[in-house]
Amino acid sequence: MNPTPAPLDNAEHAASEALAPEWLSPLLRRRGVSGTVHSGGRVVREWDRFGWLEWARQADLMRLDPRVQMAWQARASELRAADWTVTPADHPDGERYAEHVRKALGLDGEPGMMRRTWGQFIDEAAWFAYYGGLPFEVVLRYDIATGWVVPLDLEARIPSSIERWGEGDHLGPLEQYQRGGGPKPEPIPGDRLLMFTRGQIGTDWTGNGLARSAWAAWYRRNRLVDLRTLALARLGVLAPEVSYDPEALRAMFAPQAMREGGGGDPSSLVTGAVDRAVDNITAADAGERVTLVSIKDALEFRWNTGEKFDPAPLIATDERETQEIYAAFGVEFLAMGMGGASSGNRSLGEVHASLLRRMTIEDADAMQAAINGAWRDGGGLVGMLCQLNMHDFDQAAVPTVEHQGLAPDTFAESLASLPGLAAAGIVTPDDGLESMARSAMGAPPLDDADRRSALERRAAGGDPGARLMARYAAARGRHG
C-alpha cells in the first residue's frame with residue numbers, strides 16, 4: 001500500500017525554493033496571497049452579512065419555501081439526470097485500473113462495493129450546488145474477498161454541522177460541532193474528504209451556492225407575505241355593524257310605551273332593541289345560526305368593509321420576487337406566464353432551457369474534477385482507490401469518471417430535417433448515416449441483408465427519378 005501524498009505546505013515550499021538552482025529561485029517564489037481571510041478555521045467574508053454557520057442555517061430554512069423548493073428541484077433534476085462512466089487511461093494497464101474503479105464504485109453496470117449505489121450518492125452530492133460547498137467523508141473498509149480497500153460510503157457532512165476548516169491553504173482537518181449527547185466528532189483529515197465546491201475562489205471552500213444568490217429575493221418575499229397577511233387581517237376582514245335611527249325607533253315604539261305606562265317614554269324599548277340587534281349580529285359573525293330582521297329606515301344590519309383592500313400591488317411584487325428566485329437558480333422558464341400573461345414565449349423558453357443545460361454541465365464538470373486526479377486534499381477519489389490497491393501503481397494509468405448525457409445530441413435534434421437535407425443532396429443517406437439515425441432512435445442495428453444503397457433509400461423516400469433508376473438497376477441485375 002502506498003502512503004498518501006502529503007500536501008506541500010508553506011514551509012516545504014520555502015525549503016524547495018532554497019534547494020533549487022539560483023537561476024530558478026525567482027520563478028519559485030510566492031509573492032501574493034489568495035485573499036481569503038481565515039480566522040480560527042473559519043472563512044471570513046467582509047462583504048457578506050452571514051458567516052458560514054449562519055448562512056447554512058438560512059439555506060436550510062429556505063428549503064421550506066415552496067418556490068425555492070420548486071426552483072431547486074428543477075435545477076437538481078437536470079444534474080441528477082447525468083450518466084456516469086469510467087474511461088480508461090491510454091496506458092497498458094489502463095483497462096485493468098478502470099475495471100477496478102468500476103467494481104468499487106458501481107459504474108458501467110457493476111453492482112458496486114459501497115452500501116449504496118453511485119446514483120444515490122450523486123442525488124445527495126447535487127446539493128453542493130445549492131449550498132455552495134458540500135464535503136463528503138470517504139469512509140473506507142477492507143474487503144476480505146478481494147483484499148481491496150474500498151469505500152464503505154461517501155458520507156455527507158452537512159454545512160450546518162461544520163465548526164471550522166483547516167488553516168491557510170488546507171481544507172482539513174475539518175472539525176464538526178458536537179450534536180446531541182454524543183462525543184465530539186474527530187477531526188477529518190483533508191485527504192479523507194471529497195469536497196464539491198461551486199464557484200470557489202482562492203481557498204474559500206464555501207463557494208457561492210445558488211441559494212445564496214436567491215436569499216435577498218426570498219427574504220423580501222417572506223416579509224411581503226407577512227405584510228399581506230397583516231393587511232388582509234386589518235382591511236380585508238368584514239366587521240359587523242348595526243345602524244339605526246333613534247327618532248324612527250322612538251316613533252315606532254311610542255304606541256307600545258303608551259300601552260305599558262311609564263309616561264309613554266320609549267327610550268328603554270329602543271335601547272333594548274338595539275342591544276338585542278348587537279347581540280344577534282355578533283352571534284352571526286361568530287358562526288351561530290340566528291335570524292336577523294331589519295327595519296327599513298329604522299334598524300339595519302350589515303358587514304362593513306372599511307377601507308377597500310386591493311391586493312394587486314402586493315401580488316405583483318410577490319411575482320417579481322418569485323421571478324428573481326427562479327432567475328437565481330437558472331430556471332426562469334418557471335416564471336413564464338406570470339405577471340398576467342396567459343402563456344410564455346417558446347423561443348425564449350428554449351433559450352432558458354439551453355442556458356440551464358450549460359450551467360448544469362458546469363456543475364457536473366466541477367464534480368468530475370473533484371472525483372478525478374491524484375489523491376489530494378478534497379479530491380482524487382479515483383486516484384485514492386488506485387493508489388491504495390494497485391501495488392504497481394502508476395498515476396498515468398489512473399482512469400477518469402466522466403458524466404454523459406447532459407450535452408445536447410445535435411444529431412438527434414436534426415433527425416426531423418434529414419429528409420430535406422438528403423433530397424437537396426446536402427447529406428448522403430448511406431449505411432453510416434442510417435446506423436447513426438437508428439442508434440439515436442433506439443432501434444437495433446441493421447442486418448447485412450437489410451443494407452441498402454443511397455439510390456434505394458432515395459427511392460423509398462418517394463423520389464420519382466431515384467425510383468425509376470432503382471428499377472432499372474434491379475432489372476439489369478436480373479438479366480445480367
Side-chain angles (χ1 to χ4, degrees), residues 36 38-45 48-66 68-73 75-77 79-80 114-140 151-166 170-200 203-215 218-219 328-329 363-364 366-367 370-371 377-379 381:
T36 307
H38 295 267
S39 177
R42 294 177 174 87
V43 177
V44 180
R45 293 177 169 182
D48 199 338
R49 65 178 295 175
F50 296 121
W52 171 252
L53 178 61
E54 292 80 6
W55 159 242
R57 290 171 175 170
Q58 288 287 315
D60 287 340
L61 187 61
M62 289 174 66
R63 290 171 57 180
L64 303 178
D65 187 287
V68 173
Q69 186 64 238
M70 173 63 74
W72 167 242
Q73 285 299 114
R75 180 63 182 266
S77 63
L79 185 57
R80 291 166 176 162
M114 296 194 297
R115 63 183 178 189
R116 59 173 171 172
T117 66
W118 179 260
Q120 290 172 325
F121 160 67
I122 291 296
D123 287 348
E124 185 178 25
W127 281 101
F128 92 97
Y130 178 87
Y131 288 102
L134 185 60
F136 286 79
E137 182 178 356
V138 182
V139 182
L140 299 171
L152 171 66
D153 203 350
L154 304 173
E155 298 181 355
R157 300 299 176 238
I158 62 174
S160 59
S161 72
I162 298 173
E163 182 175 7
R164 57 174 54 88
W165 308 89
H170 297 284
L171 172 63
L174 184 146
E175 297 185 30
Q176 294 180 277
Y177 289 99
Q178 181 180 5
R179 295 296 179 93
K184 182 177 174 61
E186 295 182 22
I188 307 172
D191 62 357
R192 297 298 186 275
L193 291 171
L194 180 59
M195 184 72 201
F196 296 131
T197 305
R198 183 181 182 274
Q200 179 178 344
T203 55
D204 183 0
W205 304 99
T206 61
N208 185 24
L210 298 168
R212 189 181 286 265
S213 300
W215 180 86
W218 168 80
Y219 179 78
F329 280 88
D363 290 338
M367 298 175 68
I371 293 169
D377 276 12
L381 173 65

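Scope of the values below: all heavy atoms of this structure, side chains included, with no hydrogens, waters or symmetry mates. Just so it is clear, the model here is predicted, and its values are computed rather than measured.
When the shell of 6.0 Å around CZ of Arg57 is examined, it contains 12 or fewer heavy atoms from other residues, nucleotides or ligands.
Among all heavy-atom pairs drawn from Ser161 and Arg179, the shortest one is CA-NH2, 3.2 Å. Listed here is the closest heavy atom pair of Asp60 and Ser160: OD2-OG, 3.7 Å. Closest approach of Leu154 and Leu381 over heavy atoms only: CD1-CD2, 4.0 Å. Closest of all the heavy-atom pairs between Asp363 and Ala129 is OD2-CB, 3.8 Å. Ile162 and Arg157 make their closest contact through CD1-O, 4.0 Å (heavy atoms, listed as atom of the first residue, atom of the second, distance). Taking every heavy atom of both residues into account, Met195 and Pro135 meet most closely at SD-CB, 3.5 Å.
You'll find the side chain of Gln58 reaches within 4.5 Å of the side chain of Trp218, heavy atoms only. Using a 4.5 Å heavy-atom threshold, the side chains of Leu174 and Glu137 count as separate. Side-chain contact between Thr197 and Phe128: absent, with no pair of heavy atoms (C-beta onward) separated by less than 4.5 Å.
The structure places CE of Met70 at 11.5 Å from CG of Asp65, a figure rounded to the nearest 0.5 Å. Interatomic distance, OH of Tyr131 versus CE of Met62, reported as 10.5 Å (0.5 Å rounding). The distance from atom CG of Leu79 to atom CH2 of Trp127, rounded to the nearest 0.5 Å, is 12.0 Å. Atom CD1 of Ile122 and atom CE of Met367 lie 3.5 Å apart (nearest 0.5 Å).
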side-chain contact (heavy atoms from CB on, under 4.5 Å) between Thr206 and Trp165: does it pass, once the steps are laid out? CA-CA 10 Å; Thr206 61; Trp165 308 89; 4.0 Å; yes
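The side-chain contact (heavy atoms from CB on, under 4.5 Å) check on Pro187 picks up Pro173, Glu175, with sequence neighbours excluded. For Phe136, the ring pair (Phe, Tyr, Trp, His ring centres under 6.0 Å) criterion is met by Phe121, Phe196, not counting sequence neighbours.
Side-chain N or O atoms of Asp377 include one that pairs as donor or acceptor with a backbone N or O of Asp191 at under 3.5 Å. Distance alone, capped at 3.5 Å, places no donor-acceptor pair between the Tyr130 side chain and the Ala76 backbone. Arg80 places a side-chain N or O within donor-acceptor distance of the main-chain N or O of Asp123, the cut-off being under 3.5 Å.
Taking 4.0 Å as the cut-off between side-chain N and carboxylate O, Glu124 and Arg116 count as a salt-bridged pair.
Under a cutoff of 6.0 Å and an axis angle of 45°, Arg212 and Trp55 form a cation-pi pair.
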